Amino acid sequence: MRVLSAAGTEAVAITGIGAASPLGNDFDTIAAALLAGRSGVRPIDPGEFAREARQFAATVAEIPAAPAGRFPDADAGFAHLTRYERLCASPVAHALVHAGLPGDVDPARIGLVLGLGAEHLKSWELDHLAGGSEVLAPRSADTIVHRIARMLGIRGPAATVAAACASSGYALAIGRIWLLAGRVDACVVGGCDVLSPTALAAFYNLRALSRRGDDPALASRPFDRDRDGFVMGEGGACLVLERSAAARRRGVRVHGELAGVGMSSDAAHMVTPCSDPAEAARAISLALADAGVAPDELDYVNAHAAGTPVGDAAEAAAIRLALGPAVDGVPVSSTKSMSGHLISGAAAFEAVACLVAIARQAVPPTVNLDHPDPACRLDHVPHVARPRRVRVTASNSFGFGGANLCLVIRAAA
Amino acid sequence: MHARPSPAEPAGNPPVGIACHAAVEVRLSELPRLRDLPVPAGAPALPPRFLRHADEQTVVGMRAVLEAIAAHPLPRPSFARYGVVAATCRAGRFTAAQSLAMLRTGGGVTVTPHVVPQCALHSLAGAVSVAFGMHGPNIGAGGGRHAVAEGLATAIALISPGASAHAVVPGIWFVTTSWDDEPALDHSGRPNAAAAQAAPPDPLCRGLAVALVAAGDTGATGGAPPLQLAVHPAACGPDPSRPHDPSRPHHPSRPHHPSRPHGAVASARSTDHAAHDAAVGSVSGSIAAEAAPGADAFTAAADIRGLARALVSAPPVAWSLRCPWGDEIRLESAAARAASEPRGWREAA
């Protein structure tokens with residue numbers, strides 16, 4: 001039996017979730033933090049990071065090791081990984097175990113797609129800070145995705161994809177296509193990022209970061225009139241995708257469905273969002289059409305909104321254009337107000353936030369939204385979570401290079 | 001339209017056609033001039049100073065796209081709905097090294113803000129999308145020595161009808177770049193003349209741009225594209241002779257004569273590779289995969305060179321690339337492919 005969505009596309013189940021994030025490393029902890037409006041932004045060690053950049057970020061306090069006894073190579077090797085590698089590998093391992101994989105699924109039919117927008121930049125920098133010279137004369141042979149696949153016994157297709165701040169969303173999109181095309185039976189998809197001094201300095205020098213240092217937890221203020229930039233975060237999440245019918249056959253719990261994906265490009269500027277919201281809106285409309293969902297069927301939109309003056313207003317215009325008259329009845333929030341901006345890992349983490357909304361029947365809030373910007377007129381959820389029926393959600397992600405992506409995630413049928 | 005294969009069969013994507021292509025080779029010393037070089041006749045102009053802050057591999061990849069557009073058969077279709085998949089290999093290293101040097105000596109204020117938008121894995125794809133007004137998805141892929149395999153697996157998936165009508169685009173520009181040998185840099189992040197004894201003094205960067213369309217698309221070239229790329233899935237997982245094993249180096253692709261069996265050629269190991277195996281030796285640890293620097297077995301250049309040579313041969317020769325996960329990506333003539341039914345797919349009514 002094939003389960004088809006309203007649009008005729010076979011349903012894709014989400015059967016595993018793994019995370020390493022500023023708001024926690026497991027679903028229940030993340031859900032509690034998101035619905036309580038708890039911020040993961042905290043001061044960071046000024047000696048470790050560029051002193052000119054503000055001394056706060058959303059950091060991962062502790063990275064969970066791979067589950068013991070499940071991956072022999074990881075048992076031996078996880079502790080020897082760099083922090084960046086552990087941030088990437090941990091969500092993959094936990095998502096696999098959460099989904100009960102490999103179980104009786106052939107490891108050659110399990111794929112891995114990670115959105116890592118700047119793997120080499122980060123790896124070179126961390127090596128440099130540890131006294132290495134990899135950036136001057138590279139010696140590493142493989143990229144992280146292949147090293148993780150090898151360590152965890154994933155033998156199907158593996159790829160790194162990148163679309164800047166939308167990278168892990170594109171990983172979900174490519175993994176879903178591989179699954180629907182029959183190339184894999186299960187695919188671990190997601191992404192991650194790690195804080196680094198150069199990235200902090202570069203974003204700061206781009207004037208993209210908030211300079212509101214008096215109280216770090218108040219700095220990330222998406223859609224607020226007084227927003228002045230985003231707060232960098234680190235970490236990410238991974239999901240396991242399977243065909244719904246296959247998941248049912250395996251008897252595993254389905255946490256939700258990746259029902260639709262929409263992708264487009266502004267083709268306007270390498271950094272600045274396009275003033276014309278047409279292409280961002282087209283990504284949202286494509287995702288809704290892919291899922292067979294009408295705008296008024298949406299119960300929640302998790303916005304990309306990072307807290308930049310230009311980006312938030314551009315996204316609000318795109319949401320209004322895509323949803324049309326239905327927009328005023330669809331709650332919108334930005335969980336970056338709590339998690340910070342996880343860059344490459346943001347889209348996957350925000351997909352988890354959508355699953356939280358579905359599981360807990362409540363919309364996570366946008367904290368620090370004291371004075372909604374009139375240029376961002378939407379049905380905001382300020383400060384506190386809003387209980388409501390949530391079955392169909394959408395999550396937006398936008399990245400440098402004009403990349404636009406929207407995912408539709410809904411409750412399992 | 002294609003039906004999905006049954007779960008029991010190894011599934012492959014339907015083939016994709018090649019509407020046009022171009023390959024470029026650029027010496028390090030030529031790169032500054034290339035940033036401002038006029039576009040080839042017949043190619044669209046770039047925005048003024050568009051490549052001023054671009055990474056070296058973006059400059060080379062962009063040139064390959066310009067040359068391919070200039071060579072595209074007329075009348076050309078609009079590229080407005082095309083997507084871009086750009087597979088680079090360690091792009092951004094020059095700027096990263098310079099930024100790290102600046103950070104050390106001058107602090108964060110000296111770090112260029114261009115390092116993130118211009119030197120990351122997405123940068124080439126974003127630049128092609130912006131420069132040519134392509135509104136389909138723009139995605140970076142790969143980033144390392146398997147960039148060509150990862151990029152093609154991504155690009156072919158995006159253009160195949162196996163997924164969803166809403167995700168399919170009319171065409172994808174697949175662009176890939178790599179240095180033959182990674183230039184050694186000095187501590188200021190500039191090419192290191194002293195280290196040039198161990199590497200070519202003027203390293204070569206390769207770029208290849210290929211316009212991919214649905215195999216039956218007659219609108220892109222005025223007829224069905226004569227050349228196709230197809231993914232042939234692994235029958236039983238990764239080839240044990242391929243570099244999924246960390247103790248073995250990458251075995252790059254190569255063109256081969258169509259009369260030779262694919263598998264035999266693809267898995268053949270040259271003397272160079274055997275020697276390299278010996279040099280690298282066995283690596284302990286589960287995730288470490290360190291190798292000696294310098295050889296192009298650690299870049300994507302050999303794969304780019306192999307596909308480029310196969311495409312420009314007259315007549316084009318077959319080519320295959322064994323992916324690290326065991327799939328084989330093959331360049332085939334449409335006529336030859338039509339003679340044999342691809343495994344795992346059937347035409348639907």
Side-chain angles (χ1 to χ4, degrees), chain A residues 9 50-53 73 76-77 80-81 108 117-121 124-125 128 135-139 141-143 146-147 150-151 155-164 170 174 177-178 180-183 197-198 201-202 205-206 261 263-265 267 270-271 279 286 289-290 400-403, chain B residues 4-5 11 13 90 92-93 96-97 99-100 103 107-109 111 113 115-117 119-122 125-126 129-130 133-145 150 153-154 157 160 162-164 166-167 182 184-185 234 237-238 244 246 285-287 289-291 293 298 324-325 327:
Chain A
T9 305
R51 65 181 181 276
E52 291 82 1
D73 284 349
H80 301 293
L81 306 183
E119 172 184 342
H120 284 103
L121 297 180
W124 289 326
E125 179 168 11
H128 173 84
V135 70
L136 304 179
R139 288 176 298 278
D142 271 343
T143 48
H146 293 289
R147 303 205 298 268
R150 199 160 50 232
M151 184 174 76
R155 298 175 63 217
T160 305
V161 296
Y170 278 86
I174 297 302
I177 291 174
W178 283 357
L180 291 173
R183 179 57 195 92
T198 301
N205 295 343
L206 263 176
V261 174
M263 300 176 276
S264 72
S265 295
M270 289 294 284
V271 177
E279 284 300 322
L286 284 170
D290 195 22
F400 282 167
Chain B
R4 292 194 187 89
N13 289 108
R90 298 191 190 92
R93 193 166 63 87
S99 294
L100 290 172
L103 185 71
V109 291
V111 172
V115 68
V116 175
C119 298
L121 183 53
H122 76 274
S129 168
V130 169
M134 297 177 189
H135 293 284
N138 81 82
I139 307 174
R145 61 180 174 152
E150 293 174 54
T154 303
S160 297
S164 157
H166 302 282
E182 290 284 351
L185 306 178
H244 223 61
S286 58
I287 200 164
E290 299 301 314
F298 296 96
W325 53 89
D327 285 358

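Since the structure is predicted, the reported quantities are computational estimates derived from the model, not experimental observations. Below, all heavy atoms of this structure are taken into account, side chains as well, without hydrogens, waters or symmetry copies.
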| query | Considering only heavy atoms, which portion of Glu125(A) lies under 4.5 Å from any heavy atom of chain B: side chain, backbone, both, or neither? | reply | both
| field | Pick from Ala141(B), Ala97(B), Ala96(B), Gly136(B) with the largest number of heavy-atom pairs that fall under 4.5 Å of chain A | value | Gly136(B)
| Residue, of Ala118(A), Ala164(A), Pro157(A), that accumulates the most heavy atom pairs under 4.5 Å with chain B | Pro157(A)
| field | Heavy-atom proximity to chain B below 4.5 Å, by part of Val271(A) | value | side chain
| request: Heavy atoms only: give me the nearest Trp124(A)-Leu100(B) pair and the separation to one decimal. | output: O-CD1, 4.2 Å
| field | Side-chain donor or acceptor of Asn138(B) paired with backbone N/O of Ser265(A) under 3.5 Å | value | no
| task | Quick one: closest heavy-atom pair of Ala159(A) and Glu150(B), and the distance? | result | CA-OE1, 3.3 Å
| query | Any idea which of Gly144(B), Pro113(B), Gly126(B), Gly133(B) has the most non-hydrogen atom pairs under 4.5 angstrom with chain A? | reply | Pro113(B)
| Among Gly117(A), Gly401(A), Ala403(A), Ala267(A), who wins on heavy-atom pairs under 4.5 Å with chain B? | Ala267(A)
| Looking at Ser99(B), Pro117(B), Ala120(B), which makes the most heavy-atom pairs under 4.5 Å with chain A? | Pro117(B)
| Side chain, backbone, both or neither of Ala125(B) within contact of chain A (heavy atoms, under 4.5 Å) | neither
| remark: Cut-off 4.5 Å, heavy atoms of chain B, and the answer for Ser264(A) is both
| task | Grab the two heavy atoms, one from Asn205(A) and one from Gly108(B), that are nearest each other, plus how far apart they are. | result | ND2-O, 2.9 Å
| said: Could you report the tightest heavy-atom contact between Leu121(B) and Thr160(A), atom names first, then the distance? | reply: CD2-CG2, 3.8 Å
| field | Asp327(B) side, atom CG; Arg183(A) side, atom CZ - distance, nearest 0.5 Å | value | 3.5 Å
| query | Where is the tightest heavy-atom contact between Leu103(B) and Pro197(A), given as atom of each residue plus distance? | reply | CD2-CB, 3.8 Å
| query | What's the shortest heavy-atom distance between Leu121(A) and Cys119(B), and which atoms? | reply | CD1-O, 3.6 Å
| Would you call the rings of His146(A) and Trp325(B) parallel, tilted or perpendicular, where under 30° means parallel and over 60° means perpendicular? | parallel
| said: Under 4.5 Å from any heavy atom of chain B, what part of Leu206(A) do you find: side chain, backbone, both or neither? | reply: both
| request: Could you grab the distance from atom OG1 of Thr154(B) to atom CD1 of Ile174(A), nearest 0.5 Å is fine? | output: 5.0 Å
| Which value, rounded to the nearest 0.5 Å, describes the distance between Arg90(B) atom CZ and His120(A) atom NE2? | 5.5 Å
